[in-house]
Asks: 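Quick one: the structure is below, questions incoming.
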Amino acid sequence: MSKTLEAVTFLSMNGNTRETIEFYKTHFGAEVEMLVTYEDIGKMDPTILITEGNKNLISHSVLKIGCTKIMLAENTMDPKEKYNRGNNFSICIQSADLEEIKGFYNSLISDENVKIIIPLAENIFSKAYGIIEDPFNVQIQLMFDHRL
């Protein structure tokens, strides 16, 4: 395994991401390492519909609490899925080793009990990003991140 490999808890906050970030800053001394709004992401990808209602919502954020990172955003991992308590978390496995991420993905999808939510592919923020759901209903994001 590469030295850049990390597993990060990802929380979907159903429109309450800013409030959650402030709560964690106040009570845990969390530091914001990254914060991207839908307006920001819309500037990178013109196919994303930006409205007055969503432009200031958080598309992605990274907080650091001590030595640990957590990621937060507004929506669930599966856009077809309605938000419910219990489906508002996932694990994000990320590495600066592209082959490592591809290897994890290929291993996971070889299991007939794994559901592919978003196939591993290049997008505007990563050379490889995908989401699967494991046999235990845990959603796992896999992401190549050159910054690690």
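Reckoned from all heavy atoms, side chains included, excluding hydrogens, waters and symmetry mates.
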Asks: Give the intermediate values and the outcome of side-chain contact (heavy atoms from CB on, under 4.5 Å) for residues Glu31 and Leu63.
Replies: CA-CA 5 Å; Glu31 297 175 15; Leu63 299 183; over 6 Å; no

Asks: Within the side chain of Ser107, is there an N or O that forms a donor-acceptor pair under 3.5 Å with the backbone of Gly103?
Replies: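 No, the answer is negative, given that no donor and acceptor are paired below the 3.5 Å cut-off.
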
Asks: Is a donor from one side chain sitting under 3.5 angstrom from an acceptor on the other, for Asn123 and Ser126?
Replies: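 Distance-only check fails for Asn123 and Ser126.
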
Asks: Going hydrophobic residue to hydrophobic residue with side-chain gaps under 4.5 angstrom, can you get from Ile65 over to Leu35?
Replies: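 Looking at the clustering, Leu35 is in the same group as Ile65.
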
Asks: Using the side-chain contact (heavy atoms from CB on, under 4.5 Å) rule, take Val8 and Thr68 through it: C-alpha gap first, then chi angles, then the decisive distance, then the call.
Replies: CA-CA 8 Å; Val8 180; Thr68 304; over 6 Å; no

Asks: Please examine the side chains of Ile132 and Lys115, heavy atoms only from C-beta on, and report whether any two atoms are closer than 4.5 Å.
Replies: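 Not touching, per the 4.5 Å side-chain cut-off.
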
Asks: Is the backbone N or O of Asn16 less than 3.5 Å from a side-chain atom of Glu74, with the two atoms forming a donor-acceptor pair by type?
Replies: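 Judged by distance alone, yes, a pair lies under 3.5 Å.
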
Asks: Just wondering, do Glu133 and Val138 contact through their side chains at under 4.5 Å, heavy atoms?
Replies: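 Side chain of Val138 against side chain of Glu133, heavy atoms only: no contact under 4.5 Å found.
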
Asks: Any side-chain heavy atom of Ile116 sitting closer than 4.5 Å to one from Ile109?
Replies: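 Yes, their side chains come closer than 4.5 Å.
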
Asks: Between Asn106 and Lys102, is there a donor-acceptor pair closer than 3.5 Å when you use the side chain of the first and the backbone of the second?
Replies: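 Answer holds: yes.
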
Asks: For Ala128 versus Leu120, what's the shortest heavy-atom pair and its separation?
Replies: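 For Ala128 versus Leu120, the nearest heavy atoms are C-CD1, 3.8 Å.
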
Asks: Looking at Ser59 and Ala73, what are the two nearest heavy atoms and their distance?
Replies: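 Answer, listing the atom of Ser59 first, then Ala73: O-CB, 3.1 Å.
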
Asks: Would you compute the distance between atom CD1 of Ile70 and atom OG1 of Thr9 and round it to the nearest 0.5 angstrom?
Replies: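 Answer rounded to 0.5 Å: 7.5 Å.
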
Asks: Please name the residue in the list Phe125, Tyr38, Phe10 that meets the side chain to side chain contact (heavy atoms under 4.5 Å, CB included) test with His60.
Replies: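 Answer to the side chain to side chain contact (heavy atoms under 4.5 Å, CB included) test with His60 among Phe125, Tyr38, Phe10: Phe10.
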
Asks: Are side-chain N/O atoms of Thr47 and Asp45 paired as donor and acceptor at under 3.5 Å?
Replies: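 Yes, because at least one side-chain N or O of Thr47 sits under 3.5 Å from a partner of the opposite role on Asp45.
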
Asks: Would you find more than 12 non-hydrogen atoms of other residues, nucleotides or ligands less than 6.0 Å from Glu33 atom CD?
Replies: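 Count over threshold, so yes.
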
Asks: Examine Leu49 and Val36 and state if one hydrophobic cluster contains both, with Ile, Leu, Val, Met, Phe, Trp and Tyr joined whenever side-chain heavy atoms are less than 4.5 Å apart.
Replies: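 In one cluster with Leu49: Val36, no.
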
Asks: Do Tyr129 and Leu108 belong together in a cluster built from hydrophobic side chains that touch within less than 4.5 Å?
Replies: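 No, Tyr129 and Leu108 fall in different hydrophobic clusters.
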
Asks: Within the 4.5 Å heavy-atom criterion, are Asp145 and Ile101 side-chain neighbours or not?
Replies: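 Asp145 does not reach Ile101 side chain to side chain.
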
Asks: How far does OG1 of Thr4 sit from CG of Asp97, to the nearest 0.5 angstrom?
Replies: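 Reported to 0.5 Å precision, the distance equals 6.0 Å.
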
Asks: Does any non-hydrogen side-chain atom of Arg18 lie less than 4.5 Å from one of Thr37?
Replies: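 SC-SC contact between Thr37 and Arg18 confirmed.
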
Asks: Taking atom OG of Ser95 and atom CZ of Phe144, what is their separation to the nearest 0.5 Å?
Replies: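 Spacing of OG (Ser95) from CZ (Phe144) equals 8.0 Å.
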
Asks: Give, for atom CE of Met13 and atom CZ of Phe23, the distance between the pair rounded to the nearest 0.5 Å.
Replies: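 The distance works out to 10.0 Å.
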
Asks: Starting at CD of Glu6, measure out to CE of Met143 and round the result to the nearest 0.5 Å.
Replies: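 So the CD of Glu6 and the CE of Met143 are separated by 8.5 Å.
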
Asks: Do Gln141 and Ser90 come close enough that some side-chain heavy atom pair is under 4.5 Å?
Replies: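 Gln141 vs Ser90: side chains touch.
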
Asks: Can you tell me how far apart CG (Leu5) and CD (Gln94) are? Round to the nearest 0.5 Å.
Replies: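 Separation between the atoms: 9.0 Å.
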
Asks: Leu142 and Met1: same hydrophobic cluster, using ILVMFWY side-chain contacts below 4.5 Å?
Replies: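 Same cluster.
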
Asks: Compare all side-chain heavy atoms of Ile140 with those of Ile131 and state whether any distance is below 4.5 angstrom.
Replies: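 No, their side chains stay 4.5 Å or more apart.
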
Asks: Is there a side-chain contact (heavy atoms from CB on, under 4.5 Å) between Ser61 and Thr17 once you walk through the steps?
Replies: CA-CA 9 Å; Ser61 65; Thr17 303; 4.2 Å; yes

Asks: Side chains of Ile58 and Leu72, heavy atoms from C-beta outward: is any pair under 4.5 Å?
Replies: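 With C-beta onward as the side chain, the pair stays apart.
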
Asks: Verify the cluster assignment for Ile93 and Met34: are they in a single hydrophobic cluster under the rule of side-chain heavy atoms below 4.5 Å apart?
Replies: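 The answer is no; the residues belong to distinct hydrophobic clusters.
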
